[in-house]
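Shown next, in structure tokens, is the structure this report addresses.
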2 protein chains.
Amino acid sequence: MNAETIPMDKNVEEMLRSHRLKRTSARIEILSLLLESSHTISYNDISEELGDNFDKSTVYRTLNSFEEKGIIHAVNDGSGGIKYAVTKQESEDAHVHFKCDSCEQTYCLPDTKIPRVHAPDGFIINRSSLLINGTCKYCS
Amino acid sequence: MNAETIPMDKNVEEMLRSHRLKRTSARIEILSLLLESSHTISYNDISEELGDNFDKSTVYRTLNSFEEKGIIHAVNDGSGGIKYAVTKQESEDAHVHFKCDSCEQTYCLPDTKIPRVHAPDGFIINRSSLLINGTCKYCS
DNA sequence: AATATAAATGCTACCAAATTGCATTAATAA
DNA sequence: TTATTAATGCAATTTGGTAGCATTTATATT
């Protein structure tokens with residue numbers, strides 16, 4: 001039984017349980033959206049998709065909890081709002097994000113790792129984030 | 001006569017003239033601040049430094065004009081606000097920015113260039129920005 | 001030096017993203 | 001089934017930034 005055969009909702013509920021998050025409908029729906037999406041999504045994407053089912057503060061708090069638990073990670077693509085993507089096992093080490101100038105979507109590139117750089121003496125590197133702008137494969 | 005011996009204000013006025021920007025006191029003071037600073041600065045930094053001498057909209061518009069002219073460049077360090085630094089000749093090609101987790105300042109590392117990465121098939125790279133988080137040399 | 005004109009400024013109001021306090025409601029453990 | 005703890009909804013607030021418009025200022029021209 002591989003991941004494809006596990007129904008999404010079971011998958012979602014198991015993810016919540018394993019992180020000791022109560023399985024509320026807001027969390028289930030928001031996490032489902034995140035899991036289905038091929039690109040990073042913002043508060044606005046969620047609220048458009050889910051209508052007025054949930055309050056703004058609920059959505060933001062949900063995203064914050066997911067991030068704290070490491071279920072998702074924040075992506076700052078310079079759009080003025082924070083976007084999020086599910087953190088998959090394979091992409092846990094720092095991967096590149098790609099913002100398409102055409103469709104404005106931002107993608108995780110889990111197989112494209114951020115190269116180590118050499119900082120000047122005295123600067124101690126903890127982590128890094130690399131954002132690439134260009135044209136994505138769906139727009140090129 | 002090298003750069004060190006040119007008085008700052010002359011330097012500033014010449015920069016404005018050469019970009020066909022009127023030499024107003026707001027621009028002179030804000031550009032001076034930017035030139036003096038060792039790290040990127042935000043609207044808030046400017047308004048703290050300059051007090052209420054200039055209106056918020058003036059400061060923001062000034063920063064936008066400078067950026068359009070290429071005098072400064074914007075840095076998005078995830079702090080929620082945009083920061084700016086003067087674009088020096090040597091750092092015109094994409095350099096790394098470093099945000100210190102301790103003092104919260106963000107520095108240009110003009111000698112640390114962003115490595116080229118290989119994006120998946122179909123993704124066309126235009127430009128990239130690399131932000132490093134860690135401890136700066138003044139805090140380490 | 002006086003003036004014309006184009007641009008910059010300062011208001012005020014506004015917008016968007018995100019957060020907070022608090023009363024209510026719902027999920028889970030006992 | 002109930003007690004407890006956490007999540008939600010609501011309204012208000014904060015923060016970063018923009019926009020329209022009347023007034024002022026810098027600069028080029030006479």
Side-chain angles (χ1 to χ4, degrees), chain A residues 9 12-33 40-69 71-84 104 106, chain B residues 9-10 12-33 40-69 71-84 99 104 106:
Chain A
D9 56 339
V12 166
E13 300 203 13
E14 178 49 33
M15 285 177 76
L16 293 176
R17 177 176 6 246
S18 69
H19 286 95
R20 267 153 226 117
L21 289 169
K22 287 185 182 173
R23 278 146 278 168
T24 67
S25 60
R27 286 173 177 169
I28 291 168
E29 291 194 39
I30 293 171
L31 185 49
S32 298
L33 262 188
T40 62
I41 66 180
S42 64
Y43 161 75
N44 283 317
D45 296 327
I46 292 170
S47 97
E48 275 168 32
E49 198 69 35
L50 265 41
D52 287 343
N53 289 341
F54 305 106
D55 187 76
K56 184 165 53 164
S57 60
T58 301
V59 175
Y60 279 113
R61 283 190 279 231
T62 299
L63 291 169
N64 286 333
S65 325
F66 288 172
E67 196 191 3
E68 277 165 28
K69 296 290 187 177
I71 298 173
I72 62 178
H73 60 276
V75 180
N76 188 329
D77 68 355
S79 64
I82 300 175
K83 296 181 178 173
Y84 294 92
E104 306 254 89
T106 298
Chain B
D9 55 341
K10 282 287 170 203
V12 166
E13 299 202 11
E14 178 49 33
M15 286 178 74
L16 293 175
R17 177 178 3 248
S18 70
H19 286 96
R20 267 151 225 120
L21 289 170
K22 287 187 183 172
R23 278 145 277 168
T24 66
S25 59
R27 285 174 179 170
I28 292 168
E29 291 194 39
I30 292 171
L31 185 49
S32 298
L33 262 188
T40 62
I41 66 180
S42 65
Y43 161 76
N44 283 316
D45 296 326
I46 292 170
S47 96
E48 275 169 31
E49 199 69 33
L50 265 41
D52 288 342
N53 289 342
F54 305 105
D55 187 76
K56 180 164 61 160
S57 60
T58 300
V59 175
Y60 278 113
R61 283 190 281 229
T62 299
L63 291 170
N64 285 333
S65 322
F66 288 172
E67 196 192 4
E68 278 166 26
K69 296 290 187 177
I71 298 174
I72 62 178
H73 60 276
V75 180
N76 189 328
D77 69 355
S79 63
I82 300 176
K83 296 181 178 174
Y84 294 93
K99 166 136 196 234
E104 305 252 270
T106 298

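Considering only residues two or more places apart in sequence or on other chains, B:K83 meets the side chain to side chain donor-acceptor pair (under 3.5 Å) condition with B:D77. Scored by the side-chain contact (heavy atoms from CB on, under 4.5 Å) test, B:N76 finds A:N76 as partners (sequence neighbours excluded). Residues satisfying the side chain to side chain donor-acceptor pair (under 3.5 Å) criterion with A:T58, sequence neighbours excluded, are absent altogether.
Sequence neighbours left out, the pairs with a member in residues 40-69 of chain A that pass ring pair (Phe, Tyr, Trp, His ring centres under 6.0 Å) are A:Y43-A:Y60. The list of side chain to side chain donor-acceptor pair (under 3.5 Å) pairs with a residue in residues 46-55 of chain B, not counting sequence neighbours, reads B:D55-B:S57.
Mapping heavy-atom proximity under 4.0 Å, the span of DNA chain D touched by chain B runs 5' to 3' from D:dG16 to D:dT27. Bounding nucleotides for the chain B contact on DNA chain C, 5' to 3', at a heavy-atom distance below 4.0 Å, are C:dA6 to C:dC11.
Between B:Y43 and B:R23, the residue anchored closer to the 5' end of DNA chain D is B:Y43, taking for each the nucleotide with the nearest heavy atom. Residue order along DNA chain C, read from the 5' end via each residue's closest nucleotide, puts A:N64 first among A:T24 and A:N64.
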(request) Before giving the answer on side chain to side chain contact (heavy atoms under 4.5 Å, CB included), spell out for A:E67 and A:H73 the whole-Å C-alpha distance, their side-chain angles and the decisive distance to 0.1 Å. (result) CA-CA 6 Å; A:E67 196 191 3; A:H73 60 276; 5.6 Å; no
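Distance check, rounded to the nearest 0.5 Å: CD1 of B:I28 to CG of B:L33 gives 12.5 Å. Distance CD1/B:I72 to CG/B:L31: 8.0 Å, rounded to 0.5 Å. Expressed to the nearest 0.5 Å, how far CG of A:D45 lies from OH of A:Y84 amounts to 12.5 Å.
Without hydrogens or angle criteria, B:T106 side chain to B:T40 main chain gives no donor-acceptor distance under 3.5 Å.
At a non-hydrogen distance threshold of 4.0 Å, A:K56, A:S57, A:Y60, A:R61 from residues 52-63 of chain A come into contact with DNA chain C.
With axes fitted over five pairs at each extremity, the angle between the ends of the helix from C:dA1-D:dT30 to C:dA30-D:dT1 is 30° (10° resolution).
When each of A:I46, A:V59, A:L50 is paired with A:E29, the side-chain contact (heavy atoms from CB on, under 4.5 Å) condition holds for A:L50 and for no other.
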May I have the list of side-chain donor-acceptor pairs in residues 18-27 of chain B shorter than 3.5 Å, sequence neighbours left out?
from  : atom 1 : to    : atom 2 : distance (Å)
B:S18 : OG     : B:E14 : O      : 3.2
B:S18 : OG     : B:M15 : O      : 3.0
B:H19 : ND1    : B:M15 : O      : 2.9
B:T24 : OG1    : B:R27 : N      : 3.3
B:R27 : NH1    : B:K22 : O      : 3.2

